[in-house]
Amino acid sequence: MIVTIVCAVIMMAGLFLLLLAGVGFIQDKRFFSSAPKETNDVIPDTKPERFKGQHAVGWVIGIIGILMMIGAPVFVAVNGIHNDLTFGQFYVRFLTMLLMVKAFDIIFFDWVLLCNGGLNFFPHFYPETKAVLSPKIFGYNWKTHAAQILGGAAALLLLAWICTLF
């Protein structure tokens with residue numbers, strides 16, 4: 001269970017790096033498709049680089065985040081194969097990771113950073129968002145979260161089965 005929790009935390013860190021890369025460094029509106037409409041309406045399409053190479057730094061951070069998001073489940077799968085986990089054990093392991101990452105997304109990203117302006121994260125990079133960020137927008141994407149959890153839980157059945165074949 002420790003391996004599962006540590007890898008879920010690695011995925012959370014990777015998810016944060018993706019957010020940091022998109023919001024803080026790459027700063028292209030295409031990366032804000034999941035943001036509330038109110039936020040999307042006030043942010044510019046692109047922002048000029050604050051320093052030379054800013055966007056390149058963002059892409060490097062983003063790639064590291066993606067590698068963390070992919071590497072942690074791969075490690076968990078390989079570790080489970082080496083430890084001869086059953087289908088149920090694989091499924092619980094993967095489902096635990098999914099639910100931990102989604103909880104992090106909902107609580108930290110949506111509630112703390114976006115709806116309550118925690119750490120002044122979004123307004124630091126996009127001052128124009130300060131007026132539209134509020135607890136009132138929390139839950140704007142509940143259907144997306146629900147679909148990701150339900151779809152992910154179903155896909156994890158297949159992944160758990162594939163892992164038991166090895």
Side-chain angles (χ1 to χ4, degrees), residues 3-77 93-156 159:
V3 170
T4 304
I5 293 170
V6 168
C7 285
V9 170
I10 289 170
M11 289 181 69
M12 291 176 208
L15 192 59
F16 180 75
L17 287 179
L18 286 172
L19 178 72
L20 180 62
V23 173
F25 291 92
I26 300 171
Q27 295 188 319
D28 189 312
K29 193 171 186 170
R30 290 177 292 180
F31 294 104
F32 291 86
S33 61
S34 64
K37 182 185 178 323
E38 300 86 351
T39 305
N40 263 326
D41 290 345
V42 298
I43 61 171
D45 289 338
T46 59
K47 291 186 102 172
E49 288 188 330
R50 293 184 308 276
F51 59 89
K52 187 155 179 61
Q54 171 190 326
H55 296 151
V57 169
W59 284 108
V60 169
I61 292 171
I63 290 167
I64 291 169
I66 290 169
L67 291 174
M68 291 170 73
M69 295 288 295
I70 294 170
V74 168
F75 178 81
V76 163
R93 181 176 260 199
F94 292 136
L95 187 62
T96 300
M97 291 175 68
L98 171 69
L99 294 176
M100 286 179 67
V101 170
K102 287 310 296 175
F104 173 74
D105 181 7
I106 293 166
I107 295 166
F108 185 66
F109 285 2
D110 293 354
W111 180 250
V112 174
L113 293 183
L114 189 61
C115 295
N116 288 302
L119 308 175
N120 204 31
F121 184 78
F122 287 100
H124 175 75
F125 298 110
Y126 290 92
E128 52 275 343
T129 63
K130 194 165 189 90
V132 296
L133 297 179
S134 78
K136 293 177 192 173
I137 62 173
F138 183 70
Y140 72 95
N141 58 350
W142 71 270
K143 289 179 184 177
T144 303
H145 286 304
Q148 289 171 346
I149 291 169
L150 294 174
L156 293 177
L159 183 59

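These numbers come from a predicted model, not from an experiment.
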Criterion side chain to side chain contact (heavy atoms under 4.5 Å, CB included) on F121 and F109, from CA distance to verdict: CA-CA 10 Å; F121 184 78; F109 285 2; over 6 Å; no
Spacing of I106 atom CD1 and L99 atom CG [to the nearest 0.5 Å]: 9.5 Å
For V42 versus E128, what's the shortest heavy-atom pair and its separation? O-CG, 3.2 Å
Between P73 and M69, the two heavy atoms sitting closest are CD-O, 3.1 Å
Note: L113 and F122 closest approach over all heavy atoms is O-CD1, 3.6 Å
Dump the intermediate steps for side chain to side chain contact (heavy atoms under 4.5 Å, CB included) on I63 and V60, then the final yes or no. CA-CA 5 Å; I63 290 167; V60 169; 5.9 Å; no
Nearest 0.5 Å, please: how far is CD1 in I26 from NE2 in H55? 8.0 Å
For P123, all residues meeting side chain to side chain contact (heavy atoms under 4.5 Å, CB included), sequence neighbours excluded: N120, T129, K130, L133
Between F75 and V3, does a side chain to side chain contact (heavy atoms under 4.5 Å, CB included) hold up when you go through it step by step? CA-CA 9 Å; F75 178 81; V3 170; 3.8 Å; yes
Holding to side chain to side chain contact (heavy atoms under 4.5 Å, CB included), I want the full list of residues that pass it with W142, two or more places apart in sequence or in another chain. none
Could you go through residues 9-22 and list every donor-acceptor pair under 3.5 Å that involves a side-chain atom there, pairing it with any protein atom two or more places apart or in another chain?
none

Applying salt bridge (Lys or Arg N to Asp or Glu O under 4.0 Å), which residue pairs with at least one partner in residues 100-114 are found, sequence neighbours left out? K102-D105
With R50, which residues qualify under side chain to side chain contact (heavy atoms under 4.5 Å, CB included), at least two apart? Q27, Q54, F125
Can you tell me how far NE2 of H145 sits from OH of Y140, rounded to the nearest 0.5 angstrom? 6.0 Å
Determine whether the aromatic ring centres of F108 and F104 lie less than 6.0 Å apart. yes
Using the side chain to side chain contact (heavy atoms under 4.5 Å, CB included) criterion, which residues pair with D41? Sequence neighbours excluded. K37
